[in-house]
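Read through the structure below, which is laid out as structure tokens, and then see the notes.
Throughout, protein chains are lettered first and strands after them, A, B, ... in sequence-line order, and every chain is numbered starting at 1.
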Amino acid sequence: MSITIPFRVFLVDDHPLLRTGLRFTLDEMTDLDLIGEAADGFEGVEKILQNPPDIALIDIDLPGISGITVIGMLRNKLPGLKIIALSSYSEKGYVTGAMQAGADGYLLKAISITALVDFLREFAQGKQPVSPYLLDLAVAHKNSLENDEDVHISPREKQVLKLLAEGKSNKQIADEIFLSIETVKTHIKNIFQKLEVKSRMEAVIVGRQRKLID
Amino acid sequence: MNARIKVFLADDHPLIRAGLSMAFENDSKICIIGTADNGFDAIEKIEKSNPDIVLMDIDMPGLSGVAAISILRKTYPEMILFVMSTYNDRTYIEDSKTSGASGYILKNISIESLARLIVDVIDKKRIISPYVLYLKQ
């Protein structure tokens with residue numbers, strides 16, 4: 001019988017309701033252990049440096065020092081620490097800011113508890129998690145720079161992809177850019193082919209990873 | 001034994017919904033009777049479940065919390081409808097008042113303070129909390 005050493009997680013977020021959700025969930029897991037939590041950046045940095053976890057989830061929007069500053073400080077002191085930015089915002093500026101500060105990934109807070117647990121597990125197992133809520137991953141970022149020139153999509157396809165990312169239906173896209181639904185469908189089919197994907201969600205993820213859309 | 005206070009929560013963050021549901025799972029006074037992740041779904045579920053208190057996130061996809069409250073307020077003049085928000089923002093507070101919200105609560109409130117607030121509101125006690133930016137009394 002083998003004994004699993006739990007993967008140690010630390011959470012910095014100023015919402016007690018959110019912290020409670022993660023705490024209650026991880027309490028029941030044997031392979032994941034929430035070793036600590038903090039409500040602001042100062043407390044977060046202090047506690048993490050005292051007793052470093054395997055992975056730190058850092059809310060971007062914190063009172064006091066911002067999450068991005070916290071990520072920068074932690075990256076500086078603990079080069080091996082896995083750091084995931086947690087955020088309500090999908091704006092490019094935040095994503096780039098967090099990644100440049102040294103985050104390993106940028107995860108949207110709209111993620112479900114189960115998906116977050118799966119995500120943490122995959123990290124614990126050294127895999128590269130894939131999730132529609134993951135807007136950036138350090139590895140994906142590097143790949144995207146290499147792959148960027150492989151994909152050529154037309155300005156119209158780019159426009160359609162952008163509207164797909166906004167969650168619009170074929171009808172809404174058609175109305176918005178004054179095309180027939182059939183033409184929109186053809187554009188989407190071509191986008192799927194070029195990006196080598198099978199669903200709208202995948203198209204959006206790959207589109208973002210390859211920086212075709214924001 | 002008194003019945004538990006029936007609370008409904010609308011918030012688009014699953015982690016928040018899970019946190020609140022789990023925190024009150026075994027509570028003797030408060031019970032989360034339902035949750036929703038957008039305003040439309042919230043209205044539909046609230047009409048069916050008839051809660052004592054509604055906690056409504058201001059910032060949701062689809063129908064916002066404030067819009068949902070103004071719709072509910074027309075049918076339920078007496079229902080306690082609280083806005084929950086991350087933002088300490090005058091415009092949001094004014095919009096909430098106009099919509100007919102019973103109060104405006106900051107989302108960084110602790111579970112304990114929120115529990116006390118819910119109980120005190122039902123008991124019609126005087127509320128003083130740094131997390132409550134507006135309260136119709």
Side-chain angles (χ1 to χ4, degrees), chain A residues 9 11-29 32 34 37-41 43-44 57-64 66-67 84-91 107-120 131-133 165-169 172, chain B residues 7-27 30 32 35-38 40-41 53-65 82-89 92 105-118 129-133:
Chain A
V9 182
L11 173 66
V12 186
D13 193 293
D14 58 325
H15 294 118
L17 301 175
L18 188 144
R19 295 202 306 274
T20 308
L22 194 67
R23 192 192 321 129
F24 275 87
T25 310
L26 295 193
D27 267 355
E28 294 177 2
M29 312 279 161
L32 298 169
L34 187 70
E37 45 187 276
D40 66 60
E43 195 194 347
L57 300 171
I58 313 283
D59 181 21
I60 286 298
D61 196 17
L62 291 170
S66 80
I84 301 296
L86 203 57
S87 172
S88 298
Y89 311 106
S90 53
E91 278 89 345
L107 197 60
L108 284 181
K109 272 191 181 176
I111 193 167
S112 73
I113 282 271
T114 5
L116 178 60
V117 168
D118 290 346
F119 177 87
L120 292 171
S131 159
Y133 300 106
E166 290 168 11
K168 299 239 160 79
S169 67
Q172 287 169 322
Chain B
V7 178
F8 188 96
L9 171 71
D11 196 299
D12 59 324
H13 291 130
L15 300 173
I16 299 257
R17 292 200 304 276
L20 207 66
S21 303
M22 288 171 183
F24 291 126
E25 209 166 31
N26 298 313
D27 197 273
I30 295 164
I32 305 292
T35 60
D37 62 4
N38 68 75
F40 294 114
D41 195 29
I53 291 191
V54 172
L55 303 173
M56 187 85 80
D57 180 25
I58 200 162
D59 198 16
M60 287 188 288
L63 191 70
S64 81
F82 282 136
V83 168
M84 289 204 82
S85 171
T86 307
Y87 313 103
N88 180 354
D89 178 286
Y92 277 151
I105 306 171
L106 285 180
K107 253 186 169 176
N108 56 1
I109 191 167
S110 68
I111 296 272
E112 297 74 28
S113 304
L114 181 63
R116 202 177 316 125
L117 173 74
I118 291 171
S129 163
Y131 300 106
V132 179
L133 298 189

Exercise for review: Give, for atom OG of B:Ser85 and atom CG of B:Leu133, the distance between the pair rounded to the nearest 0.5 Å.
Suggested key: 8.0 Å
**Study point:** For chain A, the option from B:Leu106, B:Asp59, B:Ile109 that forms the most heavy-atom pairs under 4.5 Å
**Key:** B:Ile109
Practice item. With a 4.5 angstrom heavy-atom cut-off, could you sort out which part of A:Leu108 is near chain B: side chain, backbone, both or neither? Key: neither
Exercise for review: Decide salt bridge (Lys or Arg N to Asp or Glu O under 4.0 Å) for B:Lys107 and B:Asp11; before the verdict, give the C-alpha distance in whole Å, the side-chain angles of both, and the deciding distance to 0.1 Å.
Suggested key: CA-CA 11 Å; B:Lys107 253 186 169 176; B:Asp11 196 299; 2.9 Å; yes
Practice item. Give the intermediate values and the outcome of side-chain contact (heavy atoms from CB on, under 4.5 Å) for residues B:Arg17 and B:Asp37. Key: CA-CA 9 Å; B:Arg17 292 200 304 276; B:Asp37 62 4; 3.3 Å; yes
**Study point:** A:Phe119: ring pair (Phe, Tyr, Trp, His ring centres under 6.0 Å) partners, not counting sequence neighbours
**Key:** A:Phe123
Review point. Of the backbone (N, CA, C, O) and the side chain (C-beta and beyond), which part of A:Thr25 lies under 4.5 Å from a heavy atom of chain B, both, or neither?
Key: both
Practice item. Using non-hydrogen atoms and a 4.5 Å limit, figure out which bit of B:Leu114 sits close to chain A: side chain, backbone, both or neither. Key: side chain
Point to revise | Heavy-atom pair count under 4.5 Å with chain B, highest-scoring of A:Gly167, A:Ser112, A:Pro63, A:Ala115 | key: A:Ser112
Review point. Sequence neighbours excluded, which residues qualify as salt bridge (charged side-chain N to carboxylate O under 4.0 Å, His left out) partners of A:Glu166?
Key: A:Lys162, A:Lys168
Review point. Quick one: of A:Thr114, A:Leu22, A:Ile111, A:Leu116, who has the most non-hydrogen atom pairs under 4.5 Å with chain B?
Key: A:Ile111
